[in-house]
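All remarks here apply to the structure that follows.
Residue numbers start from 1 in every chain, and the chains themselves are labelled A, B, ... in the order their sequence lines are given, proteins ahead of strands.
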Number of protein chains: 2
Amino acid sequence: MSRASDTAYQAIRAHLISGAAKAGEQLTEDQLSQIAGVSRTPVREAVRRLVDELLLVRSESKRLFVADWSRDDIEEMFTLRQMLECHAAERAARRLSRTQVEELAAVNRRLRDAIAGDAPDVARFLEANRAFHEAIIDAAHSPRLGQLLGKLVEAPVVLRTARNYSLEDLRQSARDHDELVAAFAARDAEWARAVMGSHLRRAFHTFARTLGPAGADAQGQASQGGA
Amino acid sequence: MSRASDTAYQAIRAHLISGAAKAGEQLTEDQLSQIAGVSRTPVREAVRRLVDELLLVRSESKRLFVADWSRDDIEEMFTLRQMLECHAAERAARRLSRTQVEELAAVNRRLRDAIAGDAPDVARFLEANRAFHEAIIDAAHSPRLGQLLGKLVEAPVVLRTARNYSLEDLRQSARDHDELVAAFAARDAEWARAVMGSHLRRAFHTFARTLGPAGADAQGQASQGGA
DNA sequence: CGAACCGTTATTGTATACAAATCGCCGCCG
DNA sequence: CGGCGGCGATTTGTATACAATAACGGTTCG
C-alpha cells in the first residue's frame, strides 16, 4: 500500500475510533490532512476508503461527516454480515483441511487465554476474534465474499472496542467458536452455518442491549443512504 | 457527482464495455486520461470505482489491468448476488405498497414490449431489467444492501450486453418477473424469495452456457484476489 | 551460456496551486 | 416581519509538476 495514503487512512481511522470526533460532526479534508500530516491528495484516497467502510459519510454536496449509526443501521449491518458469513462458514466446512481446523482451534485457544482470568484482555480477545473470523472467510475461498465482508466488519469492530462486554458474553463467544471448530472437524456445513448464525445474531443483541430498546433511534443527519 | 471524474468513469467504462480493451491488457492512467479527456486526478478517482466494481484490477505493484473473469469468478458473483437479492425480494415483499407493485408491473410491461416482436430490442430489455431489479432493491429499504449489490451487478450487466440471448431466455425472464410481481401482490415473502432465487440461478446457467463447460477456465493474470 | 547487477525508462504516488461549487450571512424588498 | 438574492468565505474538485517506485534491458562476471 502506498505510504502517505496508508498513513492517512490509519491516522484518520484512529482519530475516529478514539472518539475525538463526534458522530455527525463535519470534517474537512484540510483538517484531516493536518491530522495525518500529509497533503490532501492521499487524504482524499483515505477518505474514500473510510466512506466505503461506512465510518465517514459524504453529504449530497460532498461535505464530509463522521458517520452516525442508528440502531436500524446496525441491525441491518449485522443481518447482512450474518447472511454472508453463514455462507462463508458453510463453504469453509467443506474445504478446511485437518491442519487448518487445528489452526483455527489454536486461534481460539489464544482467544480463551485472553479471557482466562478475572480481568479479560479485551484487545487480545478482539484480535483473536478477528483472526478467527478472517480465517474462516479466507477458507471459504471466495474473494468477492471476503471483499464485501471486509466493509461490513470494519465499522462494528470499531465501535465495539469502545464498549464494555461482560465476561459472560466473551465466554459465550469462545464456546461458539469451539462449536464452530467442532462443526468444521465434522465437515458438517449445515452445522457450521447454524452455529455461525446464532453466534452473530446473539452478538447483535449483545451489542444492541447497550443501545437501549428497539424503538429509540438516533437523530437525523446528512442523509446516509444513496445506493 | 463531480463533473470530470464522472466523465472519466463513463468514458473508461464505455471503453471497457465496447471491447476495445482486451481482458488482461495493461492500461496506464495516462492512456485513460487521454481517452477521457481529463487529467489523471479524476481518472484515478474513476479507476478506483471501476476497480471496486471489478471491471479493472490492480496488480500487486499497483499496475492497472482489464479484469479477466473466469467462470468460477462469475459463478461466485452470481451466488453472492442471489443470496443478497433473494433477501431483498423477501424484504420488498413485506414492504411494497399496492402502488409500488403496480409500478413494478408497469416496468415489466416495458420489458415485454422490448421483446414483443421477432427482433428483440436488447438494449431496452436490459434497461427495463435493470430498473426492475433496482426497484426491488430500493423497496427493500436497506441502503447497505443496495450498496453491496451495486458492485456485484455492474460487471455481469456489462459483459451481458456483449452476449447473444435467445428470445426464449428473454421471455423466461419476463415470466419470472411476472411471477415476482404476483408474489409481491400476495405479500408472500417466501414466494418472492424462491422466484428470485430460481430467476438468478437460471440466469447464471444461461450465462455460463456461452462460456463452455464447467471445467475449462481462463488463463492466469495478475492476481485478482486480495480481500 | 546463464544469471545477477545496475542504469534507464515507464508508471504510479504526492504536493501544490488554482478553479468551481456550495454555504451562510447580510441586506433588501415585499 | 419574513423570504429572496447576492456576496464573501469555506470547501471540494481538477490540473500540473515533481518524487518515488517498479519494470525492462543491457552488460558483465562467473
Side-chain angles (χ1 to χ4, degrees), chain A residues 1-13 15-16 21-68 220-226, chain B residues 1-13 15-16 21-68 220-226:
Chain A
M1 196 134 289
S2 51
R3 206 180 72 261
S5 70
D6 198 39
T7 304
Y9 171 77
Q10 295 187 347
I12 298 170
R13 189 166 187 279
H15 184 249
L16 295 174
K22 292 165 222 153
E25 178 185 347
Q26 181 176 359
L27 296 171
T28 70
E29 295 175 354
D30 242 325
Q31 285 175 261
L32 295 176
S33 71
Q34 268 189 290
I35 291 173
V38 297
S39 89
R40 267 183 58 217
T41 311
V43 163
R44 295 188 99 231
E45 180 108 358
V47 163
R48 285 197 47 131
R49 272 178 75 184
L50 290 161
V51 167
D52 226 51
E53 289 166 4
L54 308 172
L55 287 166
L56 292 175
V57 173
R58 266 195 193 285
S59 76
E60 187 198 1
S61 62
K62 307 295 183 176
R63 275 173 157 69
L64 208 57
F65 299 88
V66 180
D68 177 24
Q221 185 210 347
S223 68
Q224 299 227 15
Chain B
M1 195 134 294
S2 53
R3 208 180 72 263
S5 71
D6 197 39
T7 305
Y9 171 77
Q10 294 186 349
I12 297 170
R13 188 167 188 279
H15 182 249
L16 294 174
K22 292 164 222 155
E25 179 186 346
Q26 181 177 359
L27 296 172
T28 71
E29 295 175 354
D30 242 325
Q31 285 174 261
L32 294 176
S33 71
Q34 269 191 290
I35 290 173
V38 298
S39 90
R40 265 181 57 215
T41 310
V43 163
R44 294 188 101 231
E45 180 109 358
V47 162
R48 283 196 50 129
R49 275 178 71 185
L50 291 161
V51 167
D52 226 49
E53 288 166 3
L54 309 173
L55 286 166
L56 292 175
V57 173
R58 266 196 193 283
S59 75
E60 186 198 1
S61 61
K62 307 295 184 177
R63 278 173 155 67
L64 208 58
F65 299 87
V66 180
D68 177 23
Q221 185 209 349
S223 68
Q224 299 227 12

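When each of Leu50(A), Thr28(A), Val51(A) is paired with Leu64(A), the side-chain contact (heavy atoms from CB on, under 4.5 Å) condition holds for Val51(A) and for no other.
The CD-C1' distance, from Glu60(A) to dT22(C), rounds to 11 Å in whole Å. The CG-P distance, from Leu64(B) to dA10(C), rounds to 18 Å in whole Å. Separating the CD atom of Gln26(A) from the C1' atom of dT11(D) is a distance of 8 Å, rounded to the nearest angstrom. Atom CZ of Arg58(A) and atom P of dT12(D) are 6 Å apart (whole Å). To the nearest angstrom, C1' of dA10(C) lies 13 Å from CZ of Phe65(B). Atom CZ in Arg3(B) sits roughly 10 Å away from atom C1' in dA19(C) (whole-Å rounding).
A salt bridge links Arg49(B) to Asp6(B): at least one charged side-chain nitrogen sits closer than 4.0 Å to a carboxylate oxygen.
In the set dT22(C), dT11(D), dT14(D), dT22(C) carries the atom at the smallest distance from any side-chain atom of Ser61(A). Taking the side chain of Arg63(A) as heavy atoms from C-beta on, and the options dC23(C), dT12(C), dT16(C), the nearest nucleotide is dC23(C).
If you check residues 29-40 of chain B against DNA chain D, the residues with a heavy atom closer than 4.0 Å are Val38(B), Ser39(B), listed by number.
Interatomic distance, Lys62(B) NZ to Glu29(B) CD, rounded to the nearest 0.5 Å: 11.0 Å. Here the CZ-CD distance, from Arg48(B) to Glu45(A), works out to 4.5 Å after rounding to the nearest 0.5 Å.
Within the nucleic acid shown, Thr41(B) comes within 4.0 Å of at least one base atom, counting heavy atoms only.
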